[in-house]
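To start, the structure under review is shown below, and the notes come after it.
Residue numbers run from 1 in the order of the sequence given. Note: hydrogens, waters and symmetry copies are ignored here, and every other heavy atom, side chains too, is used.
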Amino acid sequence: MTVPSPGAATDAFTKPLANGHSPLSQRLQIINDEKKFTQELTSQIERWGLRDVGFNYNLVAVFGSQSTGKSTLLNRLFGTTFDVMDETKRQQTTKGIWMCRGNDTNIMVMDVEGTDGRERGEDQDFERKSALFSLASSEVLIINLWEHQVGLYQGANMGLLKTVFEVNLGLFGKKAQDGTSGRTLLLFVIRDHIGTTPLANLQATLTADMHKIWESLSKPAELQDRQLSDYFDLTFTALPHKVLAADQFEKETRNLRERFVDKENPGFVFKPLYHKRIPADGVAFYMENIWEQVQNNKDLDLPTQQELLAQFRCDEISAVALTEFNEQAKPQKRPIEAGKVVEGLGSMMRSWRKTALERYDRDASRYHQGVYKRKRADLIASLDATLSPLFLGQLKNLHKACLGAFKKDILDGLKGEEYNFADVVSKAQGKCESKFTEGAKESVVDDSEEGKAEWNWEEELLLLKEEVRSVADQCRKDETKKMVNAIERNFKKQISEPVELALNKGSPSMWDSILRAFRETLDKAESAYLTKATSFNCTEEENAQSLAVLRRRAWQALRAKIDEQTVDSVFVGRLRTHFEERFRYDEQGVPRVWKPDDDIDGAFKKAKEQTLELIPLYSKIVPVDSSLAYTLPPDAASSSDSGSLTEEPFDFEDSLTVFSETKALDLAAKFRKDADLAYVEAKRSTVSSVAQIPYWMYGVLVVLGWNEFMMVLFNPIYFMFLLMAAAAAYLIIQLGLAGPLFSITQTMGAEIQRQASQRLREHFSEPVLAQAQAHAARSNSNSIDDEDNELRKRGGGSPM
């Protein structure tokens with residue numbers, strides 16, 4: 001009995017059992033590496049405390065290649081103490097077949113020496129016999145293999161399984177048929193599963209391989225119609241990488257352990273039909289008898305010397321050919337992995353493959369033909385295993401390159417002002433698929449009927465077509481959106497002027513004019529869309545959706561323009577202009593010069609009432625002609641455009657209201673302030689006309705000042721001053737200073753006149769202004785309530 005590795009004693013489940021024995025004493029080598037069966041198994045079962053449990057026990061064994069972590073897996077699952085491999089040496093750990101009782105369970109666990117070990121080399125006799133012994137004696141056989149071994153023949157021990165199945169069928173097939181021997185569960189544990197290939201796909205591959213092996217067996221005549229399912233059940237599980245995903249590995253291992261120890265678990269593996277129905281005290285004799293039958297079976301003997309020589313030489317020749325082949329293929333791996341398309345890769349791969357096979361055929365065809373053909377098939381599988389990633393990588397890179405070229409061709413084709421979208425896409429798609437097909441066909445290594453399945457590129461072409469359609473659809477959506485945006489901008493330009501003209505007039509038919517212009521412009525926009533959409537290959541549903549978005553955005557553009565023209569400052573200004581046109585100008589459009597005897601109050605009241613009538617007219621979009629009333633279709637009201645519109649439904653009825661009743665009252669109040677100012681100014685203008693100096697006063701001043709003028713003319717002193725003034729004037733004229741002096745004099749005179757006039761106006765206007773202001777205050781206070789009631793009667797505010 002060997003000493004366990006240090007790591008074994010620290011496993012999660014390796015603890016002393018209840019009977020007091022240490023874990024090191026719980027294992028036993030039942031078959032040593034010299035193929036001798038132990039005589040201590042009966043006493044060991046008694047020490048395990050299982051002698052008297054009857055049928056209340058289970059047997060499980062593990063099978064797989066050397067150094068795949070079988071012992072580690074058993075220690076994790078059952079708390080056993082089998083030796084585990086030293087990671088730094090990578091050498092054989094388990095020799096022969098060992099057995100141990102599971103910790104706290106009635107499970108007897110067999111750890112079988114790994115297959116394909118370098119220590120035994122070509123000696124496969126013990127591998128075959130130990131595998132057959134494990135299969136025949138255990139209820140559950142755990143087949144431990146790496147994920148990358150799935151799909152391999154030798155790597156997954158399919159050749160060994162075929163031999164074992166064939167011999168097992170000859171030795172124990174009749175017993176299973178008679179019902180004297182239970183079925184066996186083959187539990188495939190796939191190690192280092194990284195998830196790239198789903199477990200279901202791995203399961204399908206292994207199931208297909210098992211059935212293929214079974215169909216190729218040389219069955220006894222009486223068992224020719226028997227199927228794999230008559231003797232074995234297959235189940236599968238996967239475990240993550242023990243080092244790179246340690247936590248996940250421990251979790252999945254615990255889940256797998258529950259399938260062995262928890263009878264309530266839906267995946268419980270120890271079903272009654274798998275039990276061999278041998279009492280625990282007879283297990284040692286039963287297993288020894290099985291080993292004797294396995295030992296004496298000639299079908300498990302080693303091959304002949306001729307076959308051995310052929311195997312040795314064919315392996316040697318194959319290794320040389322494979323080495324040269326790998327040297328040729330190695331330089332092309334890096335550019336493929338870097339995402340580049342290697343020109344002429346297919347011809348290079350075919351040349352490498354042909355050279356390797358020719359070298360093998362030349363030197364190996366002289367040996368045993370069965371071995372030569374079998375090893376040649378293995379060599380082809382190895383060559384194809386190296387070439388297949390290059391082929392698949394070339395397809396992926398070609399896929400990516402063609403898709404990028406397709407996108408570029410579409411973008412280049414859409415740069416012009418005039419283009420047919422369908423033609424651009426069709427041309428780019430044809431070019432893309434043609435380029436991919438040409439490159440894929442060139443990359444095929446084996447185009448024979450047998451090789452078509454492995455070197456298939458049609459699936460990648462289908463994926464490319466799907467992506468091309470997806471890109472084309474997205475481009476069509478983008479172009480459609482751009483087209484709708486362009487039509488919308490054009491619509492805004494065309495609708496702007498009619499809306500401004502109609503709103504500036506403020507007539508009862510202004511909404512009729514606006515809606516009529518809106519309908520005409522919208523019809524043109526829809527016609528423009530449908531004309532351009534024919535080249536986009538849009539479906540009826542897409543056209544309906546785009547038109548719905550266009551109608552909604554057109555209505556919103558109209559409302560935006562109306563809101564722009566009815567903003568408070570603009571609208572109040574429009575009311576002021578409308579009022580002044582009726583208050584400051586007469587019916588012929590001539591400006592009024594107010595006189596004291598004019599009816600300013602009547603004109604003011606009339607102009608104000610006419611202006612206030614505009615507020616209810618502007619407050620809601622209601623045409624006089626009901627046939628012009630516009631209603632947004634339901635699909636347009638509920639449609640959304642992720643490019644610019646919100647996802648919330650659009651309330652069309654609410655959009656017909658320009659401003660509410662409260663807003664209308666506020667606008668009326670602002671307008672009244674401006675109207676009152678105009679009224680006060682009109683009153684002031686009448687005061688100005690009264691306070692103006694009469695022209696006859698200037699004549700009076702001349703008559704009254706005639707004597708003084710004569711006195712200046714005939715008085716020597718005053719006359720001397722007059723001559724000096726004349727001389728000064730002459731000099732000013734000669735020096736060109738008349739203009740500046742005249743401007744200064746004129747300015748001073750104007751200022752003096754203004755000051756004098758202002759003083760006179762203030763003197764004469766005080767009593768009149770006081771009277772006008774009092775009258776305006778009385779008229780305003782008396783008319784506010786009447787005006788508000790009048791607004792409500794006329795619908796002065798839109799319903800909320």
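Other residues, nucleotides and ligands contribute at most 12 non-hydrogen atoms within 6.0 Å of the CD atom of Gln753. Atom CD of Glu564 is surrounded by more than 12 heavy atoms from other residues, nucleotides or ligands within 6.0 Å.
Evaluation of the side-chain hydrogen bond (donor to acceptor under 3.5 Å, both in side chains) rule for Glu466 yields no partner, not counting sequence neighbours. Applying the side-chain hydrogen bond (donor to acceptor under 3.5 Å, both in side chains) rule to Glu433 yields the partners Gln429; only residues at least two apart in sequence or on another chain are considered.
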Can you list the steps and then say if Asp666 with Lys670 is a salt bridge (Lys or Arg N to Asp or Glu O under 4.0 Å)? CA-CA 6 Å; Asp666 181 60; Lys670 291 180 179 179; 3.6 Å; yes

List the steps, then state whether salt bridge (Lys or Arg N to Asp or Glu O under 4.0 Å) holds for Glu520 with Lys524. CA-CA 6 Å; Glu520 293 174 356; Lys524 293 178 181 179; 5.9 Å; no

Test side-chain contact (heavy atoms from CB on, under 4.5 Å) applied to Phe518 and Ile621, step by step: CA-CA 13 Å; Phe518 172 77; Ile621 304 175; over 6 Å; no

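Looking only at side-chain heavy atoms (C-beta outward), Asn485 and Glu488 come within less than 4.5 Å of each other. Using a 4.5 Å heavy-atom cutoff, the side chains of Leu463 and Glu459 are not in contact. With contacts defined as side-chain heavy-atom distances shorter than 4.5 Å, the pair Glu442/Glu343 does not qualify. For the pair Val342/Leu390, no side-chain contact is recorded, criterion being any heavy-atom separation below 4.5 Å from C-beta on. Annotation: side chain of Thr437 is in contact with side chain of Trp457 (closest heavy-atom distance under 4.5 Å). Side-chain contact between Lys407 and Val471: present, with at least one pair of heavy atoms (C-beta onward) separated by less than 4.5 Å. At least one side-chain heavy atom of Lys663 sits under 4.5 Å from a side-chain heavy atom of Asp568. At least one side-chain heavy atom of His399 sits less than 4.5 Å from a side-chain heavy atom of Glu467.
Rounded to the nearest 0.5 Å, atoms CG (Leu617) and CE (Met510) are 4.0 Å apart. For the atom pair Leu461 CG and Leu398 CG, the distance stands at 10.0 Å (nearest 0.5 Å). Here Leu515 contributes atom CG and Leu558 contributes atom CG; the two are 7.0 Å apart, rounded to the nearest 0.5 Å. Distance check: Ile495 CD1 to Glu500 CD gives 11.0 Å after rounding to the nearest 0.5 Å. Interatomic distance, Asp625 CG to Ser509 OG, rounded to the nearest 0.5 Å: 10.5 Å. With rounding to the nearest 0.5 angstrom, the CZ atom of Phe391 is 9.0 Å from the CD atom of Glu460.
Closest non-hydrogen pair, Ala525 versus Ile487, comes out as CB-CG2, 3.4 Å. The two residues Phe436 and Leu395 come nearest to each other via the heavy atoms CE1-O, 3.7 Å. The two residues Ile336 and Gln394 have their closest heavy-atom pair at CD1-OE1, 3.3 Å. Heavy-atom minimum distance, Leu522 versus Ala554: CD1-CB, 3.7 Å. For the residue pair Thr521 and Phe491, the shortest heavy atom distance occurs at CG2-CD1, 3.3 Å. Pairing each heavy atom of Ser627 with each of Arg519, the nearest pair is O-NH2, 4.0 Å.
The residues Glu609 and Lys606 are annotated as not salt-bridged, no charged nitrogen and carboxylate oxygen being separated by less than 4.0 angstrom. Contact check on Arg754 versus Glu751 returns a salt bridge, with a Lys/Arg side-chain nitrogen under 4.0 Å from an Asp/Glu carboxylate oxygen.
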Kindly list each side-chain donor-acceptor pair under 3.5 angstrom involving residues 569-576, sequence neighbours excluded, with atom names and distances?
unit_1	atom_1	unit_2	atom_2	d
Arg574	NE	Leu503	O	3.2
Arg574	NE	Asn504	OD1	3.3
Arg574	NH1	Gln565	O	2.8
Arg574	NH2	Asn504	OD1	2.9
Arg574	NH2	Gln565	OE1	3.2
Arg576	NH1	Asp674	OD2	2.7

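Counting only distance, with no hydrogens or angles, the side chain of Trp455 and the backbone of Ser443 share no donor-acceptor pair below 3.5 Å. Of the possible polar contacts, one joining the Asn397 side chain to the Lys340 backbone as a donor-acceptor pair under 3.5 Å is found.
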